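What follows is a set of notes on a single structure, which appears directly below.
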Amino acid sequence: MTDATTFLAAFRDTRRPDRPDAVRVGDRTASWSELRRAAAALARDLPDDGPVAVCAEPTLDTVVAVVGCLVAGVPVVPVPPDAGSAEIAHVVADSAATCWVGPPRDGVELPVLALPDGEAGSDGSLPTPAEDDAPAIILYTSGTTGAPKGVVMSHRALRTGIEGLADAWDWTDADVVAHGLPLFHTHGLVLGILGSLHVGSRVVHTGRPTPAAYAAAGGTMYFGVPTVWTRIARDPDAARALAPARLLVSGSAALPVPVFERLRELTGHALVERYGMTETMITLSTRADGERRPGWVGVPVTGARTRVRGEDGQDVPADGETVGRLEVSGPMLFDGYLNLPEVTAEVLAPDGWFSTGDLATKDAHGFHRIVGRESVDLIKSGGYRIGAGEIETSLLAVPEVLEVAVLGLPDEDLGQRIVAYTVVAPGHGTDELAARLVDHVADDLAWHKRPREVRFVETLPRNAMGKVQKKSLLDTAAGAGGGAPA
Ligand code: MLC
Ligand code: AMP
């Protein structure tokens, strides 16, 4: 079956002419037929009794592994290649993964499944597609507290999410998608790679998302997080090289208005900004054929619905100013957090409305602006979602650390940078300890979750109940030139 209601429809459709350079990752390229044969060969070898963990390095092998799982109907768990010991142990245990694809890792006891040598013995015939509602992928993402949660996305959620974007962006098989984002999150993996295989566009993964690599990628559609766009805006030659593209798209965090304006000057493009979450795919976007308004993330994509609710549980006026809690619904939403039905029930109502935790406003034309997050404990740094709680837990395991409060302070490059306010015994607050704390988080959780700064303080501000007053720390940081969060 290769009809359009199957995820990865274009890639599955053997009637389409082959594309010799369908997927490029770094310096390796695969045609659709090569990828089909490699994925089919892997699918044949996969266990059918549980999720498969894939070490999601930015390589063509990762693409083969993920696509092999999807066509086999076996849920895939992309694991950040920089994941530290505690994080990797959690993801492997929580997902109940039955095998591991990728370079062996210390502490991972699972059987390692090697990718088949070449496309050995495979004619590229893909297995019968999984049911639309079957789980396709489990993406681990941070909450305000605790270890990352497994977000279960069905084939239907991925397919309808991509179809909404194809409509919003006029995304077709004539496009070449270019990006250099990680292959363990929605943005880089699901949209960039799998989205291209569904729509039929070529995709070029640039390795690291440097301005020079974007300039050389020859894309018609570029995907980037705001940090990537900020760096391109500071490199006028690289930015000008993007002028021939059709669409430049920003998402995963707020795009600063000055960056939008600077890129308009340099590239002639008003960036498309879109809003999404791991749990929801992309639900809001400005459109290829519509208004692009700096600081605003546009209108619901096809299939998605939104509402902005006030304290009283009612819709706030659609006046473009009144702020409320953003809720979304649609077929692109997740099924729930793995093993966490109660946590799921707190955010996903039985009628399908999901509480995003973001604060937003909507205008009379249905345009949305994201104003911020309800909780200061969810940090967005370089487009990565990081929970303050998981970093605090990790740091408290270091014997010298008596108390700690982690905050996201405004940062021109990363949007927010992770700062750990740390109380240690007198005399222990040295540069050596600060460096050791940063390394500890990188080794325990992930390189991209490491604090960028450790500030030693004598005490943390607490209220009468003993709860740390993070807003007060933010205000003090702003007064000291650290800036208030946007
Ligand atoms: C990188 N470095 C490492 C390392 N990784 N060193 C040791 N160990 C590791 N594991 C080094 C690099 O070589 C480099 O050194 C330096 O660290 C900085 O590297 P960088 O790649 O520039 O990283 P950094 O500045 O930290 O990150 C910026 C960034 C990154 C934008 C590249 O934050 C990023 O990839 N963000 C994307 C996050 C994302 O995809 N979010 C989507 C979530 S899904 P040197 O010496 O070479 O400079 C979602 C849904 C939606 O949100 O709406 O899309
Ligand atoms: P993640 O689960 O990593 O996708 O993170 C989702 C969060 O990223 C959302 O809840 C928002 O806080 C933030 N986000 C994503 N896109 C945007 C955007 N265009 N503008 C502002 N915030 C965004």
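Because the structure is predicted, anything quoted here is derived from the model rather than measured. Whatever order the structure lists ligands and atoms in, that order sets their numbers, starting from 1.
The closest approach between a heavy atom of Thr186 and any atom of ligand 2 is not below 4.0 Å. Between Gly357 and ligand 2 there is no heavy-atom distance shorter than 4.0 Å.
Taking distance alone, with nitrogen or oxygen atoms compared against 3.5 Å, Ser252 approaches ligand 2 more closely than that limit. Checking only distances, Lys380 does come within under 3.5 Å of ligand 2, N or O to N or O. Polar contact with ligand 1: present for Lys380 (N/O pair, distance under 3.5 Å). Not one N or O of Thr356 is nearer than 3.5 Å to an N or O of ligand 2, by distance alone. At least one N or O atom of Gly383, backbone or side chain, sits closer than 3.5 Å to an N or O atom of ligand 1.
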Assess the residue pair Leu348 and Tyr337 against the criterion (side chain to side chain contact (heavy atoms under 4.5 Å, CB included)); give the C-alpha distance rounded to whole Å, side-chain angles, the decisive distance to 0.1 Å, and a yes or no.
CA-CA 10 Å; Leu348 183 61; Tyr337 298 115; over 6 Å; no

Would Thr230 and Thr227 count as a side-chain hydrogen bond (donor to acceptor under 3.5 Å, both in side chains) if you check the C-alpha gap in whole Å, the side-chain angles of each, and the deciding distance to 0.1 Å?
CA-CA 5 Å; Thr230 300; Thr227 300; 5.7 Å; no

Quick one, Thr141 with Arg385, criterion side-chain hydrogen bond (donor to acceptor under 3.5 Å, both in side chains). Give me CA distance, side-chain angles, the key distance, then yes/no.
CA-CA 7 Å; Thr141 191; Arg385 170 167 151 187; 3.3 Å; yes

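The presence of a protein heavy atom under 4.0 Å from atom 38 (C) of ligand 1 is confirmed. Under the 4.0 angstrom criterion, atom 29 (C) of ligand 1 counts as lacking any protein heavy-atom contact. Under the 4.0 Å distance rule, the nearest protein heavy atom to atom 44 (S) of ligand 1 falls inside the cut-off.
Relative to atom 53 (O) of ligand 1, the option among His187, His179, Met277, Arg274 with the closest non-hydrogen atom is Arg274.
Counting only heavy atoms of the protein, atom 26 (O) of ligand 1 lies nearest to Arg452 NH2, 2.9 Å. Among protein heavy atoms, the minimum distance from atom 1 (C) of ligand 1 is reached at Trp447 NE1, 3.2 Å. At the top of the distance list for atom 34 (C) of ligand 1, counting protein heavy atoms only, stands Tyr384 CE1, 3.5 Å. In this structure, atom 2 (O) of ligand 2 lies nearest to the protein heavy atom Arg385 NH1, 2.5 Å. Closest to atom 36 (N) of ligand 1, if we only count protein heavy atoms, is Gly382 O, 2.8 Å. The protein heavy-atom contact nearest to atom 25 (O) of ligand 1 is Arg231 NH2, 2.7 Å. Closest to atom 12 (O) of ligand 2, if we only count protein heavy atoms, is Asp358 OD1, 2.7 Å. Pro182 CD, 3.3 Å is the protein heavy atom nearest to atom 40 (O) of ligand 1. Considering only non-hydrogen protein atoms, atom 16 (C) of ligand 1 sits nearest to Arg208 NH2, 4.5 Å. The nearest heavy-atom contact from the protein to atom 51 (C) of ligand 1 is Ser252 OG, 3.3 Å.
Side-chain atoms of Arg325 and Glu311, non-hydrogen and from C-beta on, do get closer than 4.5 Å to each other. Side-chain contact between Glu87 and Tyr140: absent, with no pair of heavy atoms (C-beta onward) separated by less than 4.5 Å.
Taking every heavy atom of Thr141 and a limit of under 4.0 angstrom, the matching atoms of ligand 2 come to 2 (O). With ligand atoms numbered from 1 in the order given, ligand 1 contributes 32 (C) to contacts under 4.0 Å with heavy atoms of Pro209. Taking a cut-off of under 4.0 Å to the non-hydrogen atoms of Gly276, the atoms of ligand 1 that pass are 53 (O). Within the listing of ligand 1, atoms 10 (N) sit less than 4.0 angstrom from a heavy atom of Asp82. Near Thr278, meaning under 4.0 Å from any of its heavy atoms, are these atoms of ligand 2: 1 (P), 2 (O), 3 (O), 4 (O). With ligand atoms numbered from 1 in the order given, ligand 2 contributes 19 (N) to contacts under 4.0 Å with heavy atoms of Val297. Short contacts between ligand 1 and Ile282, defined as distances under 4.0 Å to a heavy atom of the residue, involve ligand atoms 51 (C), 53 (O). The distance from ligand 2 to the heavy atoms of Arg274 drops below 4.0 Å at these ligand atoms: 16 (N), 18 (C), 19 (N). The His185 neighbourhood of ligand 1 comprises atoms 43 (C), 44 (S), with distances under 4.0 Å to a heavy atom of that residue. Each of the following atoms of ligand 2 lies closer than 4.0 Å to a heavy atom of Ala254: 20 (N), 21 (C), 22 (N).
Side-chain atoms of His179 do not come within 3.5 Å of backbone N or O of Gly224 as any donor-acceptor pair.
Using bins of under 30°, 30° to 60° and over 60° for the plane-to-plane angle, the ring pair His448/Tyr384 lands in the parallel bin.
Leu189 approaches Leu183 most closely through the heavy-atom pair CD2-O, 3.5 Å. What you find for Phe223 and Trp229 is that their closest heavy atoms are C-CZ2, 4.3 Å. Nearest heavy-atom pair across Leu266 and Ala233 is CD1-O, 3.7 Å. In terms of heavy-atom proximity, Ser252 sits nearest to His187 at OG-ND1, 2.7 Å.
Neither the backbone nor the side chain of Leu191 comes within 4.0 Å of ligand 1, counting heavy atoms alone. Only the backbone of Ala253 comes within 4.0 Å of ligand 2, judged by heavy-atom distances.
No side-chain donor-acceptor contact under 3.5 Å links Asp133 and Ser154.
Annotation: cation-pi pair Arg105/Trp100 absent, no NZ/CZ under 6.0 Å from the ring centroid and within 45° of its normal.
Within a 6.0 Å sphere centred on CG of Asp431, heavy atoms belonging to other residues, nucleotides or ligands number 12 at most. Taking a 6.0 Å sphere around CG of Asp351, one finds it holds more than 12 heavy atoms contributed by other residues, nucleotides or ligands. For Asp319, the CG atom sits in a packed shell: over 12 heavy atoms of surrounding residues, nucleotides or ligands are nearer than 6.0 Å. For Glu432, the CD atom is densely surrounded, since the number of other residues' heavy atoms within 6.0 Å is greater than 12.
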